[in-house]
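Accompanying notes for the structure given below.
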Amino acid sequence: MNQDLARLGVFQVLTGGGTGSGFLVDQNHLLTNCHVVAPYRSVAVELRDQRRILGTVRRIHPKRDLAMVELASPLDCDVLAIEALDGLEPKQQVYIIGFPVGLPLSVTEGVVSNPKQLVAGQHFVQTDAAINPGSSGGPLLNTAGEMIGINTLIFSIRGGGNIGIGFAIPVNTVRRIASE
């Protein structure tokens with residue numbers, strides 16, 4: 001992967017109910033999951049030096065589990081473009097970037113299991129890359145460092161335990177909703 005993680009605009013999002021991940025789409029706005037920020041209107045975004053800035057939830061799309069957060073001050077980091085991408089293939093290598101269980105910025109890798117998995121009437125990118133609690137809202141990247149999805153869902157066994165099946169909202173869906 002060609003991304004410099006120190007410059008990459010992926011941050012931990014903190015609420016009164018827990019933590020998640022999010023990433024900059026421009027210097028003033030962060031994209032994350034609705035389930036990371038709901039029901040809060042204000043969240044904290046933790047920077048690499050552990051300072052926190054205020055974020056205001058400006059838009060939510062509960063059906064697709066997306067939320068846009070406006071930051072109190074702009075950040076000077078690399079943003080992830082929400083570009084339409086075609087040709088996602090099974091066995092394509094991917095990376096999950098996020099803050100699993102509140103740990104520092106982490107990267108896990110895996111492959112695309114199914115680029116158009118239908119779950120509850122919606123299409124997701126299915127991957128075997130580890131999506132852990134706290135990684136929700138972070139980006140799913142390809143080997144070129146392009147955002148191909150937003151991590152949103154894992155299948156777990158009743159009684160606890162991730163079974164290694166994760167899902168991301170496809171970038172083309174994200175792009176359409178983010179431009180509304």
Roughly how far apart are Gln126 CD and Leu118 CG, rounded to 0.5 Å?
-> 11.5 Å
What pairs with Arg41 under side chain to side chain donor-acceptor pair (under 3.5 Å), at least two apart in sequence or on another chain?
-> none
To the nearest 0.5 Å, tell me how far Leu47 CG sits from Ser73 OG.
-> 7.5 Å
Linking directly or through intermediates, with side-chain heavy atoms under 4.5 Å: list the remaining ILVMFWY members grouped with Val111, chain and number order.
-> none
Within the side chain of Gln122, is there an N or O that forms a donor-acceptor pair under 3.5 Å with the backbone of Lys63?
-> yes
Do Thr152 and Asp65 meet the criterion of a side-chain donor-acceptor pair at a distance under 3.5 Å?
-> yes
Residue list, side chain to side chain donor-acceptor pair (under 3.5 Å) with His29, at least two apart or on another chain = Asp26
Is it the case that Thr173 and His123 place a side-chain donor and acceptor less than 3.5 Å from each other?
-> no
Heavy-atom side-chain contact between Leu31 and Val174 under 4.5 Å | yes
Rounded to the nearest 0.5 Å, what separation is found between the CG atom of Leu66 and the CZ atom of Arg176?
-> 10.0 Å
Heavy-atom side-chain contact between Ile96 and Leu140 under 4.5 Å = yes
When hydrophobic residues are tied together by side-chain contacts of less than 4.5 Å, even through go-betweens, does Val119 share a cluster with Ile169?
-> yes
Do we get Arg64 above Phe124's six-membered ring, with its NZ or CZ under 6.0 Å from the centre and within 45° of the axis?
-> yes
Counterpart residues, ring-ring contact (aromatic ring centres under 6.0 Å, His included), relative to Phe99 (two or more places apart) = none
Would you say Ser21's side chain and Gly134's backbone share a donor-acceptor pair under 3.5 angstrom?
-> yes
Answer yes or no: is there a side-chain heavy-atom contact under 4.5 Å between Leu80 and Val25?
-> no
Side-chain (Asn114) to main-chain (Lys116) donor-acceptor, under 3.5 angstrom | yes
Give a yes/no verdict on a cation-pi contact between Arg48 and Phe11, requiring under 6.0 Å between NZ or CZ and the six-membered ring centre and an angle within 45° of the axis.
-> yes
Partners meeting side chain to side chain donor-acceptor pair (under 3.5 Å) with Gln27 (sequence neighbours left out) = none
Under the 3.5 angstrom rule, does the side chain of Asn151 hit a backbone N or O of Gly138 as a donor-acceptor pair?
-> yes
Could you check if a side-chain atom of His35 sits within less than 4.5 angstrom of a side-chain atom of Ser136, using non-hydrogen atoms only?
-> yes
Hey, does the side chain of Asn132 reach the backbone of Ser135 with a donor-acceptor pair shorter than 3.5 angstrom?
-> no
Who are the side chain to side chain donor-acceptor pair (under 3.5 Å) partners of Asp49, not counting sequence neighbours?
-> Arg51
Is there a path from Leu8 to Ile150 through hydrophobic residues (I, L, V, M, F, W, Y) whose side chains come within less than 4.5 Å of each other?
-> yes
Separation of Asn142 CG from Met147 CE (nearest 0.5 Å) = 10.5 Å
To the nearest 0.5 Å, what is the distance between CG (Leu54) and CG (Leu71)?
-> 9.0 Å
Report yes or no: does Gln92 contribute a side-chain atom to a donor-acceptor pair with the main-chain N or O of Glu89 at less than 3.5 Å?
-> yes
Do Tyr40 side-chain atoms and Leu14 backbone N/O form a donor-acceptor pair below 3.5 Å?
-> no
